[in-house]
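Numbering of ligands and ligand atoms starts at 1, following listing order.
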Amino acid sequence: MIIDEHPLFDEIIHKNKINSTSNHALSLIKENLIKGNFLVIADEQSAGSGRKKSLWHSPLGGLWFSLGLYNVVQDSSITLFMAVLIHQTIIEIYPSLQSDLKIKWPNDIMLDHRKVCGILTSYHSWAKYLICGIGIDTNISKMPLELSNIAVSLKNYLNIEVNNSFLLKAFLDKLYQQLPVFLEHGFAEYQYYFNQFDYLKNRIVTLDTEFQVFKGKVLKINKSGALIMELDENLIQPFYSGSIVEID
Ligand code: BTN
């Protein structure tokens, strides 16, 4: 058991191996098998899911979990809020990462230009549940070749074994403390921190919003969590969702 109980949750479910902690969380909700806030953790996922229906590599060693949060507001900035808390947690445990660890809008944590954590949030209004799936590449010694340029593990970068239980508990304690603040004041409270560690700031990026592709310079993240881009000299536009498909 990496964690047995926590004041944030009514139930904690720990599996050795399942397809996906987020899928499992959704099944529990759909089948009415769960109440209140809950957490699903897996040592290994056979079909971890990432953004845009991609497969999320989730072998033994990583930290894979999904939060089931009941009755929280639907707001896309909750993913950014979670990213801020994950970033803070990692920096507090490993202060040497202060300058290399960045938050990439809308859902990634980057370590020296490679992804170390991804967050995938979905809201199920019919059940009033938000599922937030978080994957952190902690103790993955061997990245598959096709991921080695785009993903990195804390273990390989720091040359140490990460204590997954300790990291998870530190994050959950922070979440327990900060969730009421986020729910009352929104992302505005975390905007400054995000901008301080913003991976995209001042970069020329290509953003795919599914309706249109935009290219421009990233200025900042605003208080609602939107990405503010300068599309040309006279056109500054906020984006509330989309994927960064290229960085110049
Ligand atoms: C992304 O594409 O960046 C998001 C990846 C989210 C992965 C995590 S791992 C735990 C949870 N279970 C899943 O199947 N996905 C999320």
Side-chain angles (χ1 to χ4, degrees), residues 2-3 9 12-30 34 37-69 76-87 89-90 101-111 113-124 129-140 143-144 146-154 162 164-165 167-168 171-172 175 194 199-200 205 207-208 210 225 227 241-247:
I2 78 170
I3 183 166
F9 302 109
I12 295 182
I13 299 142
H14 183 187
K15 301 274 184 192
N16 298 328
K17 187 172 181 174
I18 47 175
N19 56 7
S20 149
T21 54
S22 293
N23 282 353
H24 189 68
L26 187 56
S27 314
L28 293 173
I29 297 168
K30 279 186 176 159
I34 203 91
N37 293 338
F38 66 97
L39 173 69
V40 183
I41 313 163
D43 298 334
E44 196 178 345
Q45 300 183 117
S46 52
S49 50
R51 265 165 74 90
K52 293 181 162 177
K53 301 204 166 94
S54 62
L55 207 64
W56 179 262
H57 179 61
S58 330
L60 274 177
L63 184 51
W64 325 120
F65 62 96
S66 297
L67 313 159
L69 299 177
S76 61
S77 70
I78 199 159
T79 306
L80 309 180
F81 160 70
M82 294 290 178
V84 164
L85 299 195
I86 294 279
H87 186 279
T89 306
I90 298 177
L101 197 71
K102 305 275 184 211
I103 313 172
K104 182 178 165 208
W105 185 95
N107 71 325
D108 299 339
I109 306 281
M110 307 294 286
L111 179 53
H113 305 287
R114 283 177 291 171
K115 182 157 163 168
V116 70
C117 167
I119 305 169
L120 191 61
T121 306
S122 57
Y123 187 68
H124 307 276
Y129 261 110
L130 181 112
I131 298 178
C132 179
I134 301 181
I136 311 179
D137 290 334
T138 49
N139 298 310
I140 298 175
M143 271 296 167
E146 68 275 16
L147 293 180
S148 59
N149 284 331
I150 53 171
V152 64
S153 72
L154 286 171
V162 174
N164 278 345
S165 307
L167 180 55
L168 178 62
F171 167 71
L172 296 177
L175 181 61
F194 197 113
Y199 181 69
L200 299 175
V205 305
L207 176 78
D208 184 352
E210 283 182 21
L227 182 76
S241 63
S243 297
I244 303 295
V245 288
E246 211 178 295
I247 302 177

Counting C-beta onward and ignoring hydrogens, is there a side-chain heavy-atom pair between [X] and [Y] closer than 4.5 Å?
X: P106; Y: L227; result: no
X: L167; Y: I90; result: yes
X: D43; Y: K17; result: no
X: L80; Y: I103; result: no
X: L154; Y: V116; result: yes
X: E44; Y: S46; result: no

Once you restrict to heavy atoms under 4.0 Å, what part of [X] touches ligand 1? Side chain, backbone, both or neither.
X: I119; answer: backbone
X: K115; answer: side chain
X: N107; answer: side chain
X: S22; answer: both

Audit row: I29, F38, side chain to side chain contact (heavy atoms under 4.5 Å, CB included) steps and yes/no: CA-CA 10 Å; I29 297 168; F38 66 97; 3.9 Å; yes
Suppose we measure from [atom] to each protein heavy atom; which comes out shortest, and what is that distance?
atom: atom 9 (S) of ligand 1; result: Q45 NE2, 3.4 Å
atom: atom 15 (N) of ligand 1; result: S49 O, 2.8 Å
atom: atom 2 (O) of ligand 1; result: R51 N, 2.7 Å
atom: atom 5 (C) of ligand 1; result: W56 CE3, 3.4 Å

Any S58 heavy atom less than 4.0 Å from ligand 1: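 S58: no contact with ligand 1 (<4.0 Å).
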Give the atoms of ligand 1, by number and element, whose distance to some non-hydrogen atom of [X] is under 4.0 Å.
X: D108; answer: 3 (O)
X: F65; answer: 10 (C), 11 (C)
X: G48; answer: 14 (O)
X: T21; answer: 10 (C), 11 (C), 12 (N)

Aromatic ring pairing F171/F65, orientation class (parallel under 30°, perpendicular over 60°, tilted between):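 Because their plane-to-plane angle lies in the 30° to 60° range, the rings of F171 and F65 count as tilted.
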Shortest heavy-atom approach to atom 8 (C) of ligand 1 - which of G50, S243, G135: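 Answer by nearest heavy atom: G135.
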Option passing side chain to side chain donor-acceptor pair (under 3.5 Å) with T79 (candidates D108, T121, N107):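 Looking at D108, T121, N107, the match for T79 under the side chain to side chain donor-acceptor pair (under 3.5 Å) is T121.
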Heteroatom distance test (S20, ligand 1): nitrogen or oxygen, under 3.5 angstrom: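 Between S20 and ligand 1 (N or O atoms, distance only) the closest approach is under 3.5 Å.
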Under 3.5 Å donor-acceptor, R114 side chain and S148 backbone: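 Answer holds: yes.
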